[in-house]
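Note sheet for the following structure.
All values below come from the heavy atoms of this structure, side chains included, with hydrogens, waters and symmetry mates left out.
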Amino acid sequence: MIGLTKSGKKSGNSLLRWIFGIIFVIIVIVGINAGLKDDQAAEEPLQGAQQAGEENLADTQVHAEETESNQEESNQDSGPEENNLTDNGPVTRENPGIGNLTVHFIDVGQGDSILLEYNGKTMLVDAGERDKGKVVTAYLQDQGISGIDYVVATHPHSDHIGGMNEVLNSFQVKHFVDSGFPHTSKTYENMLTTIDEKDIPFEVAEEGKEIEFDPAVDVEILNPGQEYSDDLNENSIVLKVSYGETSFLLMGDAGLETEEKLMGGGYDLDSDILKAGHHASRSGSGEAFISSVSPGISIIEVGAGNDYGHPHEEVLERLQKASRVYRTDLDGTIAVTTDGSTCTVITQKTGSEKVVTGTGTSENGADSPSIPIITRETESEEVKSEEAGEPGTGTISSSADHAVYVSDLNLKDEWIEITNRDASPVLLEGWKIEDEGSKHTYTFSSYTLSSQAAVTLYTGMGTDTSAKLYWGSESPVWNNDGDTAYLYDNSENLISELER
C-alpha cells in the first residue's frame, strides 16, 4: 500500500494533480486489467491504463498545472497562508449565545451525511450514496442554503462521497477537505475531477489542526494521522465540534484501530453527542472508547433493512447502556440544536416532547448526559418517501405521551412497522392497528416491544416471533392505491398514523 506524506507546502488544486498522480501509480501497480471495484458499492472498475484514460488523465494533470501556476501568482499577493486548517493552539472564542449551532444528521439510508449550521456558516460532512445526492441537495435547499463554506469527505467509500458530485454541482463551495488517502474508484475520480473543474480550494485534513469554521465553534481534526492505515475506514476524518459546553464527536467510519489511537493520543474525547463510527458495526464503538466519550446521545446513521446487519446488536446494546440512541432508519433525519449549554433534539418522525436530564449511567459510572437534553418531534410532519417503489408521501402524527409510532407501511407487500424509540419497553397488549375507514382491525395480544426496537406486522399467515407478527388475514388489507395505518393504545387513544 502506498501512503501519502502530507506536507504544508502542498495546497489548493496542486493537491489534485498530486493525488491523481498517486492514483495512476496505484492503478499501474495493481493492474487495471485485473478489475478494480469499490469496496462497498461494487462500482465499475477504473480503466485508467487504457489509452483513452491515459489521455484524459494527462489532460487533467495539465489543467491542474495551469491552475497551480495561477494560484502561486495569487498566493504571492494574498500572503503566506496556504489553507484554512490552523494549528490547534489556544483559541479565544466569542461568547456562545449569539446564535445556536445546529447539527443535522440527514437520513440518506445506508450512508452518512451531516450538516453543520452556525451564524450563517455551513459545513457538509459526506453526502451519502450517488442516488442520495439529490436528497442531500434538496435538504440543504429546504434550509435556505445557497452556498457551503466547507465540504468534508471523511473517506472515499461510495456511501459517503457518492452524492458529492450532485452537491458540488448545485452549490458554490468555498473549501473542500479530504482525508488525502487516494482511492481507485470511479466515484472518487469523478469527485476529484469536479473539484478541479470548478476550481474549488482543496485541502488535506491534518491531525491536530482545526477547520476555521467560525471563531465561536471549535472544529478539531483528530484523524487521520501522519501515517495512513491500510483500511480506508480507519483513515476517516474524525472531527470534534465544540460550542460552549456542548461537544459533538463525529467518527465517520473509523473503528477500533482509530479508537485505540485516539485514546492513546491524549485527546479529550468526552463528548455530549457521538455519531457512532461505521454505522454501529462490530468494527467500532468499543467498550473502553464509549466509556472515554461518555456520550449523553448517540446517533447512528444507518439504512433500514440494510444487508450488513447494522447496527449490530451488541454494539447497539453498548450504546444504549451509555446514552440515548437515535437512528436515521427509525427516526429519519435528526437535528440537534444547542445554545452552548442545552440541547434540543428534533427528529423527522414524530413522537413526544420532553426534557431528558439523565438517560442512564455510562460505563464509567458517570451520569449521562452532562447537559439538559430536550427531545422534540414536530406533529403532523410530512415525511417524504425516499425509497424506490414506495408510493407517495407519508404523514405521521402522535400523541404527546408516547414514543411508539408507525414507522413504515408497505401497501404492496402488505406489512407495517411499529417502532419504540423510548428508553423503556412498552407492553402493546390491547393496542390496535386499523386501516382507512376501520375496515380491518388487528389487536395485539400479550406482546412487549423492546426499547429502541421495531416489530413488523405482516397481514398474512405465519408464526409470530420477537421481531415479526402475523395478522392472519387471508385477503389483502392495505389498498395499493393509497391507505392509512392507525395505531391506538388500549384506551382507544390514537397514538400514531401513517398515510401512504
Side-chain angles (χ1 to χ4, degrees), residues 1-7 10 15-16 18-46 48-49 110-112 125-126 129 152-162 164 177-192 202-209 221-239 249-265 267 269 275-286 288-289 308-310 312 315:
M1 180 66 66
I2 298 178
L4 297 183
T5 302
K6 287 181 280 190
S7 169
K10 293 185 181 291
L15 282 170
L16 294 183
W18 176 47
I19 291 178
F20 270 127
I22 293 295
I23 291 175
F24 182 70
V25 170
I26 293 174
I27 291 171
V28 171
I29 292 175
V30 302
I32 284 300
N33 292 332
L36 299 176
K37 66 178 182 179
D38 191 294
D39 293 332
Q40 292 188 345
E43 299 166 339
E44 290 295 323
L46 173 61
Q110 185 64 17
D112 274 17
V125 182
D126 293 332
E129 286 279 7
V152 178
T154 60
H155 66 295
H157 280 149
S158 65
D159 60 327
H160 291 251
I161 67 166
M164 280 296 184
V177 182
D178 189 75
S179 67
F181 191 81
H183 195 36
T184 53
S185 70
K186 190 68 174 175
T187 298
Y188 187 62
E189 182 198 16
N190 289 342
M191 183 187 77
L192 292 180
F202 183 95
E203 301 156 25
V204 171
E206 296 186 46
E207 178 187 7
K209 290 198 172 183
I221 300 170
L222 306 187
N223 196 65
Q226 294 296 318
E227 295 183 4
Y228 289 108
S229 169
D230 291 340
D231 186 340
L232 274 177
N233 288 334
E234 302 299 347
N235 295 321
S236 291
I237 295 177
V238 173
L239 300 176
L249 186 60
L250 311 178
M251 291 297 294
D253 270 1
L256 298 173
E257 177 184 326
T258 300
E259 292 172 6
E260 290 290 337
K261 189 200 79 170
L262 295 180
M263 288 188 290
Y267 289 108
L269 298 177
K275 201 295 291 186
H278 201 204
H279 322 288
S281 73
R282 291 191 186 94
S283 66
S285 301
F289 181 73
Y308 306 100
H310 299 161
H312 284 126
V315 175

Notebook entry, point to check: Taking only residues two or more places apart in sequence or in another chain, which ones pass side-chain contact (heavy atoms from CB on, under 4.5 Å) with L256?
Noted result: E259
Check: Would you say the side-chain atoms of S283 and S281 include a donor-acceptor pair closer than 3.5 Å?
Finding: yes
Check: Can you tell me if D178 and Y188 form a side-chain donor-acceptor pair at under 3.5 Å?
Finding: yes
Check side chain to side chain donor-acceptor pair (under 3.5 Å) between [X] and all other residues, then give those that pass, not counting sequence neighbours.
| X | answer |
| --- | --- |
| S285 | none |
| D126 | T154, H160 |
| E234 | T258 |

Next item on the list: Quick one: list whatever passes ring pair (Phe, Tyr, Trp, His ring centres under 6.0 Å) with H312, sequence neighbours left out.
Entry: H310
Next item on the list: Please step through side chain to side chain contact (heavy atoms under 4.5 Å, CB included) for the pair N190 and M164, ending with a clear verdict.
Entry: CA-CA 9 Å; N190 289 342; M164 280 296 184; over 6 Å; no
[X] side chain near [Y] side chain, heavy-atom distance below 4.5 Å:
| X | Y | result |
| --- | --- | --- |
| H155 | F181 | no |
| E257 | S229 | yes |
| N233 | H157 | yes |

Checklist line | Derivation of the side chain to side chain contact (heavy atoms under 4.5 Å, CB included) call for I237 and L222 | finding: CA-CA 7 Å; I237 295 177; L222 306 187; over 6 Å; no
